[in-house]
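A short write-up of the structure that comes next.
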Amino acid sequence: MRIATWNVNSIRQRMDGLQAWLEERKPDIVCLQEIKCTDDAFPREPLEALGYNIAVHGQKTFNGVALLSKLPFDEVAPGLMGDDGDAQARFLEAVISVRGGVLRVASLYLPNGNPAPGDRYAYKLRWMDRLIAFARARLTLEEPLVLAGDYNVIPTPADAKHPEAWIHDALFLKPTRDKFRTLVNLGLVDALRAVSDDPGLFTYWDYQGGAFAKDDGIRIDHILLSPQAADRLAHAGVDRHVRGWDKPSDHVPVYVDLDIR
DNA sequence: ATGACAGGAGTATCCTGA
């Protein structure tokens, strides 16, 4: 069972690259972020033709998350618990039956939070508190759980080419990293760091200033696993070559292989 | 010396992103 996450920065602008990558990497489940379209505008047909069931939680212009799955969805739930008034489409949870039980997956797009301090940063920290509450609740189920997406968090200095350039940024400020650590310390495993301590594992390079050519990247797209999922972790990787394709997203896919049929 | 991002909305720029 291969599960991937990718912030595509507009699903409609990324269809060629997305289809090419799906045929190459062959993930069973994909968590997408920043689809930047409403549910009605989501390009379902070409993805269904590749064998995927589709769940979408979109909105006009910004944000938007989706799930692709070769296995059918048993349940789909849009939105993150803790604030019914939050209109931003950043969270989509699904339950999928697998051999011997269920798999619970969420595609999440954590707020950027810049500029900090300010309203946007306060919203980011509140959203992280809600995510922590969600994870705490779901962990009591003792299921294989995969929380995958664009966390907009640089967890440690080893996750940036130039960490000193990010010290005043909402992605790297101490409260941001502290809350991410609180989340992980509930008992989750950062899948990529479970398989590698390579300091060059980046998932995002800015479009500006030739950042990819200089490998001036950061690691902000993460896959966190519950103990029941982490016990089945076989491999994790980053498809950085996708950043070199025509009309790339500024993010690249991250994936895990779990020993689940 | 020049230009040095991308996407959406919408039609000129402005907002957002990280």
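What you see is a predicted model; the values in this text were computed from it and never measured. Below, all heavy atoms of this structure are taken into account, side chains as well, without hydrogens, waters or symmetry copies. In what follows, every chain begins at residue 1, and chains take the letters A, B, ... in the order their sequences are listed.
Separating the CZ atom in A/Phe180 from the CG atom in A/Asn152 is a distance of 11.5 Å, to the nearest 0.5 Å. Rounded to the nearest 0.5 Å, atoms CG (A/Leu67) and CD1 (A/Ile54) are 10.5 Å apart. To the nearest 0.5 Å, atom NE2 of residue A/His235 and atom OG of residue A/Ser196 are 9.5 Å apart.
The distance between atom OH of A/Tyr123 and atom P of B/dA18, rounded to the nearest whole Å, is 13 Å. Between the CG atom of A/Asn63 and the C1' atom of B/dC15 there is a distance of 12 Å, given to the nearest Å. Rounded to whole Å, atom P of B/dG17 lies 10 Å from atom NZ of A/Lys124. In this entry the distance linking CD1 of A/Ile35 with P of B/dA6 reads 22 Å, nearest Å. What separates CD of A/Gln59 from C1' of B/dG17 is a distance of 14 Å, to the nearest Å. Atom CG in A/Asp16 sits about 13 Å away from atom P in B/dG7, given to the nearest Å. Straight-line distance from the CD atom of A/Gln33 to the P atom of B/dG17: 14 Å, rounded to whole Å. We find that CD of A/Glu34 is positioned 18 Å from P of B/dC15, with the value rounded to whole Å.
When each of A/Gly210 and A/Asp250 is assigned the nucleotide of DNA chain B bearing its nearest heavy atom, the one mapping closer to the 5' terminus is A/Gly210. Both A/Tyr204 and A/Gln208 lie near DNA chain B, and the one whose nearest nucleotide falls closer to the 5' end is A/Gln208.
In this model, the phosphate group of B/dA18 is approached by a side-chain N or O of A/Asn112 to a distance below 4.0 Å at OP1 or OP2. At the phosphate of B/dG17, neither OP1 nor OP2 sits under 4.0 Å from any side-chain N or O atom of A/His251. Within the structure, a side-chain polar atom (N or O) of A/Tyr109 is placed less than 4.0 Å from OP1 or OP2 of B/dA18.
Applying the side chain to side chain donor-acceptor pair (under 3.5 Å) rule to A/Thr203 yields the partners A/Asp221; only residues at least two apart in sequence or on another chain are considered.
Side-chain proximity of A/Arg120 to B/dG8, B/dT16, B/dA18: nearest is B/dT16. Looking at the side chain of A/Lys36, the nearest of the listed nucleotides B/dC5, B/dA18, B/dG8 is B/dG8. In the set B/dG7, B/dA9, B/dA18, B/dA9 carries the atom at the smallest distance from any side-chain atom of A/Arg12. In this structure, of B/dG17, B/dA18, B/dA9, it is B/dA9 that holds the atom nearest to the side chain of A/Lys60. For A/Thr61, taking side-chain heavy atoms from C-beta onward, the closest of the listed nucleotides B/dG8, B/dG7, B/dG17 is B/dG8.
Straight-line distance between the C1' atoms of B/dA4 and B/dG8: roughly 23 Å, to the nearest whole Å. B/dC15 and B/dG10 have their C1' atoms separated by 13 Å, given to the nearest Å. Between B/dA18 and B/dA6, the two C1' atoms lie 12 Å apart (nearest whole Å).
Among the protein residues, A/Asp150 comes within range of the sugar-phosphate backbone only, with heavy atoms under 4.0 Å from sugar or phosphate atoms but none that close to a base. Counting any heavy atom pair closer than 4.0 Å across all strands shown, A/Asp169 reaches no nucleic acid atom. Here A/Arg219 lies out of heavy-atom contact (under 4.0 Å) with every strand.
Aromatic ring centres of A/Trp6 and A/Trp21: separated by under 6.0 Å.
Because its NZ or CZ atom is not both nearer than 6.0 Å to the ring centre of A/Phe62 and within 45° of the ring axis, A/Lys36 does not count as a cation-pi partner of that residue.
At a cut-off of 3.5 angstrom, counting only N and O atoms as typed in the model, there is no donor on one side facing an acceptor on the other between the side-chain of A/Asn9 and the base of B/dA6.
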